[in-house]
Amino acid sequence: MPELPEVETVCRGLRRKIEGRRLIRVVQRRPDLRKPFPKNFSQRLRGQRILAIERRAKYILIVLEADLVLIIHLGMSGRLLIHDDPAQTLETHDHVAFQTDDNQLIVYRDPRRFGLMDIASHSGLASHPLLRDIGPEPLDPDFTPTELSNRLRGRKTPIKSALLDQRIVAGLGNIYVCEALYRAGISPRRQAATVAGRRAELLVPAIREVLQDAIEAGGSSLRDYVQTDGELGYFQHRFAVYDREGVKCPRCACASGVRRINQGGRSTFYCPKFQR
DNA sequence: CACACAACCTGTCAGC
DNA sequence: TGCTGACAGGTTGTGT
């Protein structure tokens with residue numbers, strides 16, 4: 001579910017609702033998600049004030065007092081739900097609940113449990129193992145065509161797979177890689193190292209624009225993605241190729257339409273005629 | 001080091 | 001109405 005735009009949308013929702021609040025109760029309902037929760041998870045968070053909400057790649061960073069940061073990754077199926085009633089009943093896959101001093105309840109729900117939470121020190125955040133090797137933020141000015149092609153240099157893997165690698169560029173997932181390559185007119189099958197020069201100059205703005213569009217649309221979803229405040233995201237209706245196998249490509253008169261192939265065990269959608 | 005692939009876990013949907 | 005198999009937005013560990 002959550003790629004960069006969805007995580008960014010969640011962060012903005014959290015910022016509006018709980019920034020500045022204090023955590024007065026933390027309920028941890030199971031020992032692990034993708035990884036075990038850190039030791040004394042609830043105790044370490046209880047009583048802390050939320051100073052800021054930040055994002056790095058697909059990680060949500062809740063900056064707390066005492067040099068602490070709560071790191072949250074939503075995995076494939078994770079969501080954060082905000083309830084006005086702190087006595088809200090928890091459901092089967094609600095694994096953590098945070099109550100604020102103004103009696104909101106933030107519930108972490110994740111059926112597949114591919115998400116994770118950790119607690120890190122703010123001062124050492126950049127060297128945290130989860131964040132250390134992540135590439136540039138695609139919306140930051142230092143993500144330039146030169147920077148991208150440098151990182152792709154020597155890579156024989158398809159550009160589709162390379163863009164999913166968070167060390168190359170941060171925050172892209174299966175949907176936005178497909179959409180960005182489509183906008184840039186680049187085939188997902190093309191060898192990564194050949195995306196340099198003119199092609200990199202097309203791809204960098206394509207990535208930026210598709211992410212910006214999705215953020216502006218409030219995040220997207222396949223089915224029932226819900227933002228922190230319960231609103232639905234609408235970018236899903238604007239996919240040009242993702243999950244649109246067989247549909248006519250909007251930018252050319254090809255007969256076969258959008259094709260679906262498998263790369264690295266994941267579906268890729270593209271127009272073989274328009275994307276080279 | 002780069003790469004391909006399996007694994008983690010549950011829900012949903014298409015086809016029989 | 002079941003049942004089965006394929007598939008789903010991500011990351012990481014293992015083997016070559």
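So you know, we letter chains A, B, ... as the sequences are listed, proteins then strands, and number each from 1. If you're wondering where the values come from, they're calculated on a predicted model, not measured in any experiment.
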**Request:** Enumerate the residue pairs fulfilling side-chain hydrogen bond (donor to acceptor under 3.5 Å, both in side chains) with a member in residues 59-68 of chain A, sequence neighbours excluded, ordered by first and then second residue.
**Result:**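 Matches after skipping sequence neighbours: A:R22-A:E65, A:D67-A:S123.
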Could you state the [atom1]-[atom2] distance from [X] to [N], rounded to the nearest angstrom?
{"X": "A:L163", "N": "C:dG10", "atom1": "CG", "atom2": "C1'", "result": "15 Å"}
{"X": "A:L74", "N": "B:dC9", "atom1": "CG", "atom2": "C1'", "result": "16 Å"}
{"X": "A:R189", "N": "B:dC3", "atom1": "CZ", "atom2": "P", "result": "17 Å"}
{"X": "A:I72", "N": "C:dG10", "atom1": "CD1", "atom2": "P", "result": "18 Å"}
{"X": "A:I134", "N": "C:dT12", "atom1": "CD1", "atom2": "P", "result": "8 Å"}
{"X": "A:Q263", "N": "B:dA4", "atom1": "CD", "atom2": "P", "result": "10 Å"}
{"X": "A:D243", "N": "C:dA6", "atom1": "CG", "atom2": "P", "result": "19 Å"}
{"X": "A:D133", "N": "B:dC1", "atom1": "CG", "atom2": "C1'", "result": "13 Å"}

**Stacked pair A:F114-B:dC9, distance under 5.5 Å, angle under 30°** = no
When all nucleic acid strands are considered with a 4.0 Å heavy-atom cut-off, which category describes [X]: base, sugar-phosphate, or nothing?
{"X": "A:L130", "value": "sugar-phosphate"}
{"X": "A:S161", "value": "nothing"}
{"X": "A:R260", "value": "sugar-phosphate"}
{"X": "A:G173", "value": "sugar-phosphate"}

**Request:** Determine which bases of DNA chain C form Watson-Crick or G-U wobble pairs with both distances under 3.5 Å, and write the result as a 5' to 3' dot-bracket string with | for other-strand partners.
**Result:** .|||||||.|||||||
Can you see if the side chain of [X] gets near the phosphate of [N] - specifically, an N or O under 4.0 Å from OP1 or OP2?
{"X": "A:S77", "N": "B:dG11", "result": "no"}
{"X": "A:H93", "N": "B:dT10", "result": "no"}
{"X": "A:K156", "N": "B:dC3", "result": "no"}
{"X": "A:Q166", "N": "C:dG10", "result": "no"}

**Message:** Please tell me whether A:R190 and A:T194 have a donor and an acceptor in their side chains that are separated by less than 3.5 angstrom.
**Reply:** yes
**Message:** With no hydrogens and no angle check, just 3.5 Å: does a side-chain donor-acceptor pair link A:Q263 and A:S161?
**Reply:**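 No donor-acceptor contact under 3.5 Å links the two side chains.
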**Message:** If the condition is side-chain contact (heavy atoms from CB on, under 4.5 Å), which residues does A:V258 pass it with, not counting sequence neighbours?
**Reply:** A:V241, A:F269
**Asked** How far does CZ of A:R55 sit from OG1 of A:T9, to the nearest 0.5 angstrom?
**Response**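 OG1 of A:T9 is found 9.5 Å from CZ of A:R55.
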**Asked** Is a donor-acceptor pair below 3.5 Å formed from side chain A:R112 to base C:dA8, judging by atom type as modelled?
**Response** yes
**Request:** Answer with yes or no after comparing the ring centroid distance for A:F274 and A:Y182 against a 6.0 Å cut-off, counting only values under it.
**Result:**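 Distance test on ring centres: under 6.0 Å, yes.
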**Prompt:** 5'-most contact on DNA chain B: A:T92 or A:R34, nearest heavy atom basis?
**Reply:** A:R34
**Prompt:** Taking it one step at a time, do A:R112 and A:D110 satisfy salt bridge (charged side-chain N to carboxylate O under 4.0 Å, His left out)?
**Reply:** CA-CA 6 Å; A:R112 293 178 73 178; A:D110 186 0; over 6 Å; no
**Prompt:** Among C:dA8, C:dT12, C:dG10, which is the nearest nucleotide to the side chain of A:S267?
**Reply:** C:dA8
**Prompt:** Name the one of A:L4, A:D165, A:V177 that satisfies side chain to side chain contact (heavy atoms under 4.5 Å, CB included) with A:L172?
**Reply:** A:V177
